[in-house]
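What follows is a single structure, written as structure tokens, with notes after it.
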Amino acid sequence: MRRSNLFIKTLKDAPSDEVAKNAQLLIRAGYVYKVMAGVYAYTPLGLRVLENIKQIVREEMNAVNGQELIMTNLQAKETWETTGRWDDEVVDVWFKTKLQDDTELGLAWSHEEAIMEMMQQYVKSYKDLPTSVYQFQTKLRNELRAKSGIMRGREFVMKDMYSLHTTAEDCDTYYDKVIEAYKRCYDRFGIGDSTFVTFASGGAFTKFSHEFQTICDAGEDTLYVNEDSSVAVNEEVLDDAAAELGIDKAELKPVTSAEVGNIFKFGTEKSEQMGIYYTDKDGKQQPIYLASYGIGITRVMGVIVEKMSDDKGLIWPKNIAPYKLCLVSIGEKGSAEADRLYDELTGAGIEVLYDDRDERPGTKFADAELMGIPYRITVSDRGVAANEYELTERKSGATENLNHAALIDKLSMLA
RNA sequence: CGGGGUGUGGCGCAGUUGAUAGCGCGCUCGGUUUGGGACCGAGAGGUCGAAGGUUUGAGUCCUUUCACCCCGACCA
């Protein structure tokens, strides 16, 4: 992509109404556009980041036999009445609307009931189980207060997966597999080291749910973690969990964290509430064991920004960055050679953000750094004269001068 | 929803005791520049969140309202 064709413009100052670091940087660098409180649009750059996050999740969900589908944002009132969750007193984040004939509709804040309702059409026999479906979907939640930039919006993208089983044991086994898949996701996002599987409140169906919590100053939760980080407990269930696990609370230290995933088991309760059953080998109707697995895609993006930046701007992990490489041309000969190199790399299937604008070097460097592209190739007149390219790592600032063969060699290793 | 704060060109801001708006960045044009967000000159762009009121006169005062931010509550 040529920078001259990218419509975004970077800003030196963040809008004064944004305090959250993630929103400030993402707006300044041209990744997101704020539409209203808690509602952000994603530019081509921002979309590439989201897609990278989604692709990692997609690969990991597919690896545990998840089948991708997509549900709808418009939901039927009847779907939610079966579990009593249409009531605003029960679910206080509903956005509701009406058809022109006054039929009430809900805008999806969750898809638990919706997925189950759909699956009852297909899951009739024990032969149809287990099965697991997931989607990337925009959730709409009428939060009383949006905050923290893209970390807590009224409209956000979530990956939600649902697994259906004939037995609690089968559900447990699968659940544990998904925990491992989730860990791989966070590792690949580049935040695995600071992300913990955490005991959290279980709600109506199970004693504890599991949250994936990433240590992050901008987070809203407090986590208690033990010495070797093998146990993490959300403050909200600290007493219960400590008792249950036989842990001395004094050995746990509090840290601030952000919830980047939440998984839990419904048992057969949801199935029974909704009257959804399968037929077992003996021809008897049986309730379905259900578990649910969520990752906040847009929140993950926000957490990454919160954790990885410096005074110059964003620092994307390689797997997440919209482009791994940016190419900066300086001077006339530098530009001619940069044009040539851009074509060469593009032809070789290597995606590059090429800053081909007629701007001064300082402007281009500052933009590349603000955008957080992991590597920068600088092609200048003096580089051309020396037959060298400059490769700079965003994170460390380390620079090396490489000849053409060495550069290509290096890039193939990075890709 | 309770408390606090803020709304002036795209962004950041100034506007004194009321006299119908100014600066920086960005943008356009011309020129000089070109390894860390250049410089000079010339321009375009706002009626001051909105509505109502006081006044000869309101960005400045009053009322209402909307939006945004922060703290709290809330957060399968």
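A note on names: the letters A, B, ... follow the listed sequences, proteins ahead of strands, and every chain is numbered from 1. All heavy atoms count here, side chains included; hydrogens, waters and symmetry mates do not.
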Audit row: A:Y182, A:H210, ring pair (Phe, Tyr, Trp, His ring centres under 6.0 Å) steps and yes/no
CA-CA 11 Å; A:Y182 266 45; A:H210 291 98; over 10 Å; no

Quick one: do A:D367 and A:R376 make a salt bridge, cutoff under 4.0 Å?
no

Of A:L370 and A:E143, whose nearest nucleotide on RNA chain B comes first from the 5' end?
A:L370

Any side-chain N or O of A:K34 less than 4.0 Å from the OP1 or OP2 oxygen of B:A67?
no

Nucleotide opposite B:G43 in a Watson-Crick or G-U pair, distances under 3.5 Å
B:C27

Check every strand shown and say whether A:S292 touches a base, only sugar-phosphate, or nothing at a heavy-atom separation below 4.0 Å.
nothing

Do the side chains of A:R340 and A:E344 get close enough for a salt bridge, i.e. N-O under 4.0 angstrom?
yes

Quick check: any donor-acceptor pair below 3.5 Å linking the side-chain of A:E359 to the base of B:G37?
no

Any base atoms under 4.0 Å from A:E369, or only sugar-phosphate, or nothing? Heavy atoms, all strands.
base

When both hydrogen-bonding distances must be under 3.5 Å and the geometry is Watson-Crick or G-U wobble, what is B:G18 paired with, if anything?
none

Which one, B:A73, B:G36, B:C68, comes nearest to the side chain of A:D17?
B:C68

Let's test this: given Watson-Crick or G-U wobble pairing with both distances under 3.5 Å, identify the partner of B:U63.
B:A51

Given B:G37, B:C75, B:U33, identify the nucleotide with an atom nearest to the side chain of A:R360.
B:U33

Sugar-phosphate only, base, or nothing, as touched by A:R376 at under 4.0 Å among non-hydrogen atoms:
base

Taking the side chain of A:P15 as heavy atoms from C-beta outward, which of B:C11, B:G37, B:G36 is closest to it?
B:C11

Euclidean distance, atom CZ of residue A:R382 to atom P of B:U34 [Å, nearest integer]
14 Å

Modelled atom types, side-chain donor and acceptor of A:Y354 and A:N5, under 3.5 Å
no

Where the side chain of A:K147 is defined as all heavy atoms beyond and including C-beta, which of B:A38, B:G35, B:G72 is the nearest nucleotide?
B:G72

Side-chain contact check for A:L144: nearest option of B:A73, B:C71, B:C68 is B:A73

Mind checking if A:E390 touches a base, just sugar-phosphate, or nothing, with heavy atoms under 4.0 Å?
base

Is a donor-acceptor pair below 3.5 Å formed from side chain A:R152 to base B:C75, judging by atom type as modelled?
yes

Please report, rounded to the nearest Å, how far the C1' atom of B:G31 is from the CG atom of A:D358.
14 Å

Base, sugar-phosphate, or nothing for A:S110, non-hydrogen atoms under 4.0 angstrom?
nothing

Electrostatic pair A:R48:A:E51 at N-O distance under 4.0 angstrom:
no

Pairing check on B:G72: which nucleotide meets the Watson-Crick or G-U wobble criteria with it, both distances under 3.5 Å?
B:C1

Which nucleotide wins on minimum distance to the side chain of A:L11, given the candidates B:G37, B:C11, B:G35?
B:C11

Can you tell me, in whole Å, how much space there is between the C1' of B:G45 and that of B:C23?
15 Å

